[in-house]
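Report on one structure; see the data block that follows.
For the numbers below, each heavy atom of this structure counts, side chains included, while hydrogens, waters and symmetry mates do not. Each residue takes its place number in the sequence, starting with 1. These figures come from a predicted structure and were not determined experimentally. All ligand and atom numbering here is 1-based and tracks the order in the structure.
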Amino acid sequence: MTVPARGAGLPMVLLSHRGPVSFGRDRSGRTASRGAGGLVTALSGLVSDLPDAVWVCAASSEEDAAVAAEHGGRAVAVTLDGEPRLLDPEAAAEEARAVRVRLVEVDPQAHDDFYTVIANPLLWFLQHGMYGLALAPQLTKREHAAWNDGYVAVNRRFADAVAEEVEARGGRALVMLHDYHFYLVAREVRERCPEALISFFLHIPWPGPDAWRVLPPAWREQVLKGLLGNDVVAFHTEGFARNFLLSAQELLGLPVDLDAMTVQVGDRRVAARHYPISIDVAAIRELAATPEVAEHAAALTETFCDADRQLVLRVDRTDPSKNIVRGFEAFATMLEDHPELAGRVSFLALLQPSRQDVPEYADYLAEIGATVARVNAAHGREGWAPIDLRLAEDLAMAVAAYQVCDVLMVNALADGMNLVAKEAVVVNDRDGVLALSENTGAHQELGAFAVTLYPFDIQQQADALHAALTMPRDLRRARRQAAAAVVEENDIAKWLNAQLSDLGVDLEAGR
Ligand code: F6P
């Protein structure tokens, strides 16, 4: 066992940039909304099941900052059962499933440098292989300042908050850190709290050593040495875990063992592991059974699907890594190659605007709009537009669209996992075909039941879409059922329990 299974009995301190709850204000006063996504669902359940757990996250709104300030920067207690609500400290002691959340306020300029200059263009683009390198990235005075005053400073701020929570628990805790925002935290926490058991989970790809040479040597060493402060560094796939070890070997000259999947750091051995994240199957099926979803599904069916018409769907954040523009080009190519499909196949794109304060993301959203206008002008006709672009965040609508689509297109350039693919296969009831990029973590589990997409090859994607739309019904059904069975087996509980069990945490026994 190379993972240190000594988490039994330890209180838990969790860190992620987005937290389980965010506060706002409307005419009636303070409002609270639940953080979106499977990760929040899984970890909220965990934190509320454990008596002395705390979730550290960024104060992401003015009202979050106000709540934090009112509590002297200490953790607040919230309930996430039903409508989320802030609990007063007395009530929190009574409430069995209260979640303790420490909202960390960060200087806005430092946060901007951390999030919109370093984490979300630079690290995100580097790790998803999105730089052409001839002209980008350009690491100027601005980026150097943003690294030091933004990324490093914000990591230190969160490391302090995490270390304070560990110290408040006697210096012994299981610390679970999440994602590329916080590569530098573990090393600092370990220095202050040597008895803590520290694990890190990365939700995006980890590329091979050469990709990291885009960063100045001092930065990439900080990233790697920061991560090597953990006991366990975990990824979605074995390939990402191996790339991490090879990066430590090549860029830091450390000895690695690719059989045991460990790297030696002085007298410590750090384990690289992989646990493919998943979805809460019961929760999404529960949502799929609501009247709201049924209403949307009926409307979508009437608009897009009957015996003679088919629907291609995509559901994504407007992130350049999702490869939305090439997806539309591929659809247009298919219409050119198969003019008989005009008026008979539509492409519904449910897209959530994302990270619009990062210029690369704002430009990409503009490019998406321009591409849709171009394709619709070239291929549309009276009463039929080939692409229906809807910009909104509406989970009920997305689930309804998953149910009725004939093909779900996921053609990401690179994606740590891709949960849209997993959600769609468990709720679709039209024998829908999954058209899935080979560069997603999900392809390892679902590729055998999908039509594989090569994300840079527009002609191949056009041909693959056509193959999916013309696939015999019984094959469609068999593949969708097989894919759903894989997701049912490997759900979010399995993802979490595998990590906890490797760390020695037994939830059944209270810990
Ligand atoms: O995939 C990484 C991730 O952090 C996800 O966990 C999350 O859904 C997504 O990116 C959204 O990012 P942001 O918090 O920047 O909107």
Side-chain angles (χ1 to χ4, degrees), residues 14-22 33-44 55-61 64 103-104 106 111-130 150-151 154-155 158 176-183 185 200-207 234-237 240 274-280 284 315-324 350-362 364-365 391-395 398 410 412-423 437 439-442 492 495-496 499:
L14 208 116
L15 172 68
S16 66
H17 181 248
R18 281 196 194 257
V21 66
S22 182
S33 56
R34 224 186 138 93
L39 182 69
V40 165
T41 311
L43 297 180
S44 308
W55 190 327
V56 180
C57 58
S60 61
S61 66
D64 284 355
L103 297 159
V104 178
V106 180
H111 189 269
D112 195 52
D113 283 349
F114 154 84
Y115 188 81
T116 69
V117 182
I118 302 297
N120 285 315
L122 186 60
L123 295 175
W124 185 275
F125 274 49
L126 185 161
Q127 294 190 236
H128 288 83
M130 294 198 309
Y151 196 77
V154 170
N155 268 258
F158 280 90
M176 297 187 86
L177 309 170
H178 283 268
D179 239 351
Y180 59 102
H181 311 91
F182 297 125
Y183 287 145
V185 168
F200 178 94
F201 196 94
L202 182 66
H203 294 265
I204 67 174
W206 185 279
F235 303 85
H236 287 313
T237 70
F240 300 151
H274 68 283
Y275 307 97
I277 199 169
S278 193
I279 58 166
D280 183 337
I284 194 127
V315 177
D316 281 305
R317 289 184 301 107
T318 56
D319 189 310
S321 68
K322 303 295 180 184
N323 207 18
I324 296 162
L350 301 179
L351 305 182
Q352 307 135 36
S354 177
R355 303 174 183 163
Q356 289 301 293
D357 39 7
V358 180
E360 288 87 340
Y361 284 73
Y364 192 67
L365 181 51
L391 295 175
E393 179 152 15
D394 184 344
L395 185 59
V410 177
L413 303 176
D415 210 331
M417 176 50 63
N418 195 281
L419 295 180
V420 164
K422 293 190 172 184
E423 287 173 348
S437 163
N439 290 353
T440 59
I492 188 82
W495 171 76
L496 190 58
Q499 293 171 70

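- There is no protein heavy atom less than 4.0 angstrom from atom 7 (C) of ligand 1.
- The distance from ligand 1 to the heavy atoms of I204 drops below 4.0 Å at these ligand atoms: 1 (O), 2 (C).
- Inspection of the Y151 and D113 side chains reveals no N or O donor paired with an N or O acceptor under 3.5 Å.
- Between H111 and Y115, the two ring planes are parallel [angle under 30°; tilted spans 30° to 60°].
- F182 and F158 have tilted rings, their planes meeting at an angle from 30° to 60° on a 0 to 90° scale.
- Annotation for ligand 1: atoms under 4.0 Å from non-hydrogen atoms of R18 are 13 (P), 14 (O), 16 (O).
- Relative ring orientation between H178 and W495 is described as tilted, the plane-to-plane angle lying within the 30° to 60° band.
- Under the 4.0 angstrom criterion, atom 10 (O) of ligand 1 counts as having a protein heavy-atom contact.
- With a heavy-atom cut-off of 4.0 Å, R355 touches ligand 1 through its side chain alone.
- What sits closest to atom 15 (O) of ligand 1 on the protein, heavy atoms only, is Y115 OH, 2.3 Å.
- By the side-chain hydrogen bond (donor to acceptor under 3.5 Å, both in side chains) test, S44 pairs with no residue at all, sequence neighbours left out.
- Nearest to atom 4 (O) of ligand 1 among the protein's heavy atoms is D179 OD2, 3.1 Å.
- Between Y275 and F201, the angle of the ring planes lies from 30° to 60°, which puts this pair in the tilted group.
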